[in-house]
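Okay, so here's the structure we're looking at.
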Amino acid sequence: MSKPYEPKDIEKKWQETWEKEGAFCVGTDRSKPKYYVLLEFPYPSGQGLHVGHPRPYTAMDIIARKRRMQGYNVLFPMGWDAFGLPTENYAIQNKIHPKIVTENNVKHFKEQLKALGYSFDWDREINTTDPAYYKWTQWIFLKLFEKGLAYKSEMPINWCTSCKVGLANEEVVNGVCERCGGEVVRRVKSQWMLKITEYAEKLIEGLDDVDYVEKVKVSQKNWIGRSVGAEVDFVISGKEDKLRIFTTRPDTLFGATYMVISPEHPLIDKYRSDLKNWDEIVAYREMAARKSDFERTELVKEKTGVVLEGLTAVNPVNGKEIPIWISDYVLMSYGTGAIMAVPAHDERDWDFAKKFHLPIIEVVAGGDVEQAAFTDVASGKLVNSGFLDGLEVAEAKKKITEWLAEQGIGKQKVNYKLRDWVFSRQRYWGEPIPLVQCEKCGFVPIPESELPLMLPEVESYMPTDNGESPLAAMTDWVNTTCPCCGGPAKRETDTMPQWAGSSWYFLRYTDPNNKEAFASKEALDYWMPVDWYNGGMEHTTLHLLYSRFWHKFLYDLGLVSTPEPYQKRTSHGMIMGENNEKMSKSRGNVVNPDDIVNEFGADSLRTYEMFIGAFELSAAWSNEGVRGCRRFLERVWKLRDMLTEEEGYSAALETKVHQVIKKVSLDFEGLKFNTAIAAMMGLVNEFYRVGSVARGEFRTLLLLLNPVAPHITEELWELAGYEGRAYMQEWPVYEEAKTIEEETEIAVQLNGKVRATIKVGIKEEQDSVREKVMELEAVKKAAEGKNIVKEIYVKGRIYNIVVK
RNA sequence: GCCGCUGUUGCGGAAUUGGCAGACGCAGCAGACUCAAAAUCUGCAGGGUUCACGCUCGUGCCGGUUCGAGUCCGGCCAGCGGCACCA
C-alpha cells in the first residue's frame with residue numbers, strides 16, 4: 001500500500017523545488033511564441049486574502065501552466081497596487097508610516113499566494129508605491145501635461161465628506177462614496193483633470209478589434225454614451241448672442257415650443273439687466289446649487305423651473321417667438337447646457353410642459369401627445385413641419401440637418417456622456433504630481449532628471465476639512481524654485497488617484513527593472529499586447545477604461561507598439577458566503593484561504609474553486625464542497641496502487657481517455673473548469689470500475705490535472721517514476737478519430753417520446769438501423785393499426801417514428 | 001424607467017447549441033469491511049402511480065413554431081448587477 005496523501009508536506013516540498021529551479025521564470029528563448037497572461041494585481045489590504053481572490057488567480061494559473069506545456073514562452077507576473085486610502089487610514093489610526101503598513105501587508109499577501117502554488121514569475125514583482133515604479137507614473141503624467149491632456153480646472157467636484165477627498169464620477173455610486181458609503185456633495189475646487197473625453201471615439205472604435213466578453217464592451221460603450229445629433233443656434237430676440245443647443249432629434253424642430261437652460265448657464269448673468277424676475281431666478285439657482293448629487297437623484301421626477309421674463313428665443317424654422325426657462329433637469333456639463341424643448345416627443349419636456357401649461361405641438365404622427373410623449377422613432381411620419389411633412393424620422397433628421405447647415409445655423413454633432421477624469425486627490429498616500437506653480441510661469445513640470453519626485457516624510461497624514469492635502473502643511477517641501485525662471489514657486493500638493501499606478505502596470509511587467517524607460521521598446525514589441533486579461537466587472541468603467549486611455553495615448557506618442565493593451569478580456573463571478581450573501585466582515589461569513597489550505601491543502605482549494613460553478617457567475621462557498629474535491633484527489637492518489645505496466649492506453653479505455661483530453665483541453669480555453677474537472681472525475685471513476693490503470697493513462701491524467709492541482713500531480717509524477725517534471729511536459733494531444741465510439745446507444749422515439757434504446761454502429765445507415773428499430777416490441781405495438789407518417793434518424797442520437 | 005445577467009433535483013450545478021433532462025459533486029439511503037464508529041469501497045436515488053414490465057407529470061408562468069423545445073419565437077413573473085433628468 002502506498003503512503004497516505006499528506007498535502008502539507010507535498011505542497012511545501014514542491015513550492016520550494018519550483019523556486020529553487022526557477023521553474024516559472026520567463027524564458028529567454030524569444031524564438032518561442034509568447035503568451036502574456038495577466039490578472040488584476042491586488043490591493044494589499046490589512047485583512048489579507050479571502051477565498052474570492054484565488055478564483056481568478058487559479059483560473060489564470062491554469063491557463064499559464066497549460067500554455068507553458070503547449071510550448072509558449074509565458075509571462076505570468078504579479079505585483080501590488082499599493083497606494084490608497086485604507087492603508088493611509090490604517091496608518092493614521094495606528095501611527096505607523098503607510099510605507100511600513102504596505103510592506104507588512106505585501107509580505108503577508110505574498111506568503112498566502114505562495115502557499116497556493118501559483119506559477120508567477122516573482123522576479124518581475126512590481127509595487128506601485130516603489131519610487132522606481134512611480135517615477136514612470138509621474139513621467140507619463142508629464143507627457144499628458146505636455147500634450148495638453150492634463151489641465152487644472154476650477155469646477156464642481158464630488159467631495160466625500162467622510163474621506164475628505166475629491167472623487168471621480170466613476171467612484172460615486174448611488175450618490176455616495178464607493179469606498180466608505182459617506183455622503184458626497186458638490187464642492188467647487190481647483191482640480192487636475194485628464195482629458196479622457198478626447199479619446200472617447202477611439203475608446204469605442206478600439207472595442208471592435210479586441211476579444212472582450214460582450215457585456216464588458218456594452219458597459220464601456222454605454223458609459224462613454226455616444227449620441228449623434230445636431231447643434232442648432234437659436235436667435236435671442238433683440239440680442240447679438242445666439243443660444244446654442246444640442247439635440248438628437250433635430251427632426252422635431254417644428255415642435256419646439258420653449259427652451260430650457262441650465263441654472264448655471266452663463267447667459268443668465270450676462271443678461272441680468274433684462275430679467276424682470278431676477279430675485280426669483282436667483283432663488284431658484286441657489287436652491288439648485290445647494291442640492292448634493294444624492295438629493296438630485298433622490299428627488300427625481302417632479303420638475304421644477306422658472307421662466308426668464310424679458311428674454312425670448314426664436315424658433316429658426318418658423319420664426320415663432322418662444323419662452324426660455326431655467327431648470328435643473330438640464331445639466332451644464334452635457335451638450336451646451338441648453339435644450340430646445342419638444343414636449344410632444346420627449347418625456348421630460350412633456351412632464352415639464354404639463355406642469356407649467358406650455359403648448360404641446362405634435363410633429364410626428366402616431367401617438368396621442370395629449371396623453372404622453374410619443375418617442376418611437378421607428379414608426380410615424382412628420383406632420384405640422386413644413387418641408388418635412390410626410391417624411392420618416394430618419395429622413396427628416398437628414399434633411400433638417402442639411403437645411404441647418406445651408407442656413408449656417410446648425411450642424412451635425414456627436415456628444416458623449418463620458419466626462420473628463422478628476423485626477424487630484426487631497427491625500428498623502430499617492431503619487432505626488434510632479435509640477436510646480438510659479439507666479440510668473442504658471443504650472444511648470446519638474447525636469448525629468450528630478451524624477452521621481454519622492455513623497456516627503458511627514459508627521460501627520462490626517463486629511464483636512466479645508467480640502468487641502470496633508471502635503472500642503474509641509475512648507476519646506478512645498479516652497480521651491482521654478483525650474484523655468486528660477487523664481488519662487490510652490491509644489492502641487494494634491495496626489496494622484498489610486499487608478500494612476502494601475503493604468504500602465506502591464507507595460508512595466510515586460511521590463512520591470514528598466515531605469516532608462518518605463519519599458520524597452522524591444523520588450524514591449526515582444527510581449528505586448530496582453531494576450532489574456534481576466535478581472536472583475538467592477539473595473540469595467542474604471543481601471544479598464546482608464547488603462548485603455550493611457551495606452552492609446554502612449555500609442556499615439558509612438559511609445560508602445562499596439563493600439564490596444566489587452567487582446568482578450570474575461571471576467572469572473574464573485575465567491576459568496578455559505579449563506580449566499582456577499583462575504584464581509586460585518587456579515588461574519590468570510591472564509592480565509594489559510595484555514596482551507598491547513599485543513600484540506602492548496603490543491604483541494606484550487607480544485608474546489610474551479611469546480612464550484614460557472615466561472616463568470618457568482619457562487620456560494622461550501623466547506624463540504626472542498627471536502628468532495630479533497631476526496632477526488634485522494635482517489636487520484638490511490639490510483640498508483642492500481643497501475644499496470646502498459647505504457648500506452650488500454651483497449652478498454654482508449655476512447656474515453658481521448659475524449660477526456662479533448663474535453664479538458666477545450667473546456668480550459670472556455671473557462672469551463674467545472675466541467676473539465678467533472679470529466680476528470682469521470683475518468684477516475686472509470687479506472688476504479690475497471691480496477692486498473694495503465695501507466696500511460698495515469699501519465700495523461702496527471703498532465704491534464706497538473707494545471708489545476710500542481711503539487712499532488714508533481715509528487716505522483718515523481719513517485720510513479722516518469723521522467724523529468726510534470727510541469728515541463730508537453731500538453732497531451734488527442735486524436736479526433738479516437739474520441740468517437742464504434743458503437744453507441746440511441747433513443748427510439750414514437751411521436752417524440754422515448755420508448756426504447758438500442759445499440760447501433762456509429763456510422764450505421766438509416767436502412768440498417770430501421771430494421772433493428774422495427775423489430776422492437778414497443779414499436780410494433782405502437783404501429784399496429786396506425787400509419788407511419790414520417791421517420792427521422794439523427795446519427796448517433798435518436799430514431800423518431802411519427803405515427804397517426 | 002433603460003441596459004445586462006439569472007431562474008433546471010434537497011443543495012452546488014451539467015446538457016455536444018434543437019435530439020435519451022438531471023453528467024460531476026455535496027448531502028441522503030442500503031450493502032461490504034469493522035467488536036463498533038470514522039475512513040474507504042460497491043450499489044440506489046426527480047415527483048406521482050404500479051408487486052412489477054411500465055405508464056404519467058416534470059427545466060419560473062402562459063401561449064406559439066417543430067417529428068422533437070431547458071435550448072428558438074411572442075407575452076408575462078421573480079431575483080441579482082449596472083446606469084439613471086445625458087436632451
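Quick note on labels: first sequence line is chain A, next is B, and so on, each numbered from 1.
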Checklist entry - Taking 4.0 angstrom as the limit, do Arg285(A) and Glu264(A) come out as a salt bridge? => result no

Item to check | Salt bridge present between Glu765(A) and Arg770(A) (N-O < 4.0 angstrom) | outcome: no

Distance check, [atom1] atoms only: [N] and [M], in whole angstrom units.
| N | M | atom1 | answer |
| --- | --- | --- | --- |
| A38(B) | A45(B) | P | 24 Å |
| A30(B) | A39(B) | P | 15 Å |
| G47(B) | G58(B) | P | 16 Å |
| C11(B) | U59(B) | P | 15 Å |
| G60(B) | A14(B) | P | 14 Å |
| A15(B) | C67(B) | P | 28 Å |
| U66(B) | G12(B) | C1' | 34 Å |
| C80(B) | C29(B) | C1' | 36 Å |

Checklist entry - What closest approach, in Å, do Phe246(A) and Ser227(A) show between heavy atoms, and which atom pair accounts for it? => result CZ-O, 3.8 Å

Item to check | Heavy-atom closest contact (Val369(A) atom, Ala344(A) atom, distance) | outcome: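 Smallest interatomic distance, heavy atoms only, reads CG1-O, 3.6 Å.
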
Next on the checklist: Let's see if you get this right: which residues in residues 793-802 of chain A place a heavy atom under 4.0 Å from RNA chain B?
Outcome noted: Val794(A), Arg797(A), Ile798(A), Asn800(A), Val802(A)

Could you tell me the separation between the [atom1] atom of [X] and the [atom2] atom of [N], rounded to a whole number of Å?
| X | N | atom1 | atom2 | answer |
| --- | --- | --- | --- | --- |
| Gln749(A) | G68(B) | CD | C1' | 6 Å |
| His658(A) | U16(B) | NE2 | P | 23 Å |
| Phe632(A) | A23(B) | CZ | P | 17 Å |
| Asn623(A) | A27(B) | CG | P | 12 Å |
| Gln220(A) | G4(B) | CD | C1' | 15 Å |
| Met574(A) | C5(B) | CE | P | 17 Å |
| Trp621(A) | G13(B) | CH2 | P | 14 Å |
| Ile612(A) | C11(B) | CD1 | P | 17 Å |

Item to check | side-chain hydrogen bond (donor to acceptor under 3.5 Å, both in side chains) contacts touching residues 612-623 of chain A (sequence neighbours left out) | outcome: Trp621(A)-Asn623(A)

Checklist entry - Is U17(B) syn or is it anti, if syn means the base angle is within 90 degrees of 0? => result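 Syn, since the glycosidic angle lies within 90° of 0.
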
Checklist entry - Taking syn as any angle within 90 degrees of 0 and anti as the rest, which one fits C53(B)? => result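 Nucleotide C53(B) adopts syn.
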
Contact class for [X] (heavy atom, under 4.0 Å): base, sugar-phosphate, or nothing?
| X | result |
| --- | --- |
| Ser618(A) | sugar-phosphate |
| Ser622(A) | nothing |
| Ala614(A) | sugar-phosphate |
| Glu634(A) | nothing |
| Ser327(A) | nothing |
| Gly628(A) | sugar-phosphate |
| Glu538(A) | nothing |

Between the side chains of [X] and [Y], does any donor sit under 3.5 Å from an acceptor?
| X | Y | answer |
| --- | --- | --- |
| Glu40(A) | His539(A) | yes |
| Gln749(A) | Tyr799(A) | no |
| Ser333(A) | Arg419(A) | yes |
| Thr304(A) | Tyr284(A) | yes |

Checklist entry - 5'-most contact on RNA chain B: Gly225(A) or Ile746(A), nearest heavy atom basis? => result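 In this pair, the answer is Ile746(A).
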
Checklist entry - Considering heavy-atom distances to RNA chain B, does Glu624(A) or Tyr334(A) have its closest nucleotide positioned more toward the 5' end? => result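 Going by which nucleotide is closer to the 5' end, it is Glu624(A).
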
Item to check | Ring center gap for Tyr258(A) and Phe352(A) short of 6.0 angstrom | outcome: yes

Next on the checklist: With heavy-atom distances below 4.5 Å as the criterion, would you say the side chains of Phe356(A) and Val307(A) are in contact?
Outcome noted: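 In short, these two side chains do not touch, never coming nearer than 4.5 Å.
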
May I ask you to verify if any side-chain N or O of [X] is less than 4.0 angstrom from the OP1 or OP2 atom of [N]?
| X | N | value |
| --- | --- | --- |
| Ser219(A) | C83(B) | no |
| Asn222(A) | G4(B) | no |
| Lys215(A) | G4(B) | no |

Checklist entry - For Met332(A), does the CE atom sit with more than 12 other heavy atoms under 6.0 Å from it, leaving out its own atoms? => result yes

Next on the checklist: For Ser665(A), give me all partners under side chain to side chain donor-acceptor pair (under 3.5 Å), at least two apart in sequence or on another chain.
Outcome noted: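 Side chain to side chain donor-acceptor pair (under 3.5 Å) check on Ser665(A) returns Trp731(A).
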
Next on the checklist: Strictly by salt bridge (charged side-chain N to carboxylate O under 4.0 Å, His left out), give each pair with a member in residues 738-750 of chain A just once, sequence neighbours left out.
Outcome noted: Glu654(A)-Lys738(A), Glu735(A)-Lys738(A)

Next on the checklist: For RNA chain B, report each stem as range with range, ordered by first number, or say none. Use Watson-Crick or G-U wobble pairs under 3.5 Å, at least 3 in a row.
Outcome noted: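 The stems are B:1-7 with B:77-83, B:10-12 with B:24-26, B:28-32 with B:40-44, B:46-49 with B:54-57, B:60-64 with B:72-76.
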
Under 3.5 Å, which N/O atoms of the protein pair with N/O atoms of nucleotides 41-50 of chain B?
unit_1	atom_1	unit_2	atom_2	d
C41(B)	OP1	Arg635(A)	NH1	2.7

Next on the checklist: Which nucleotide wins on minimum distance to the side chain of Ile339(A), given the candidates A87(B), C20(B), C67(B)?
Outcome noted: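 Minimum distance to the Ile339(A) side chain belongs to A87(B).
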
Checklist outcome for this item: Which of G12(B), A21(B), A87(B) is nearest the side chain of Phe611(A)? It is G12(B)

Item to check | Distance (rounded to the nearest 0.5 Å) between Thr336(A) OG1 and Arg244(A) CZ | outcome: 8.0 Å

Checklist entry - Under 3.5 Å, is there an N or O donor on one side and an acceptor on the other linking the side chain of Lys303(A) and the base of C85(B)? => result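 Yes, the side chain and the base share a sub-3.5 Å donor-acceptor pair.
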
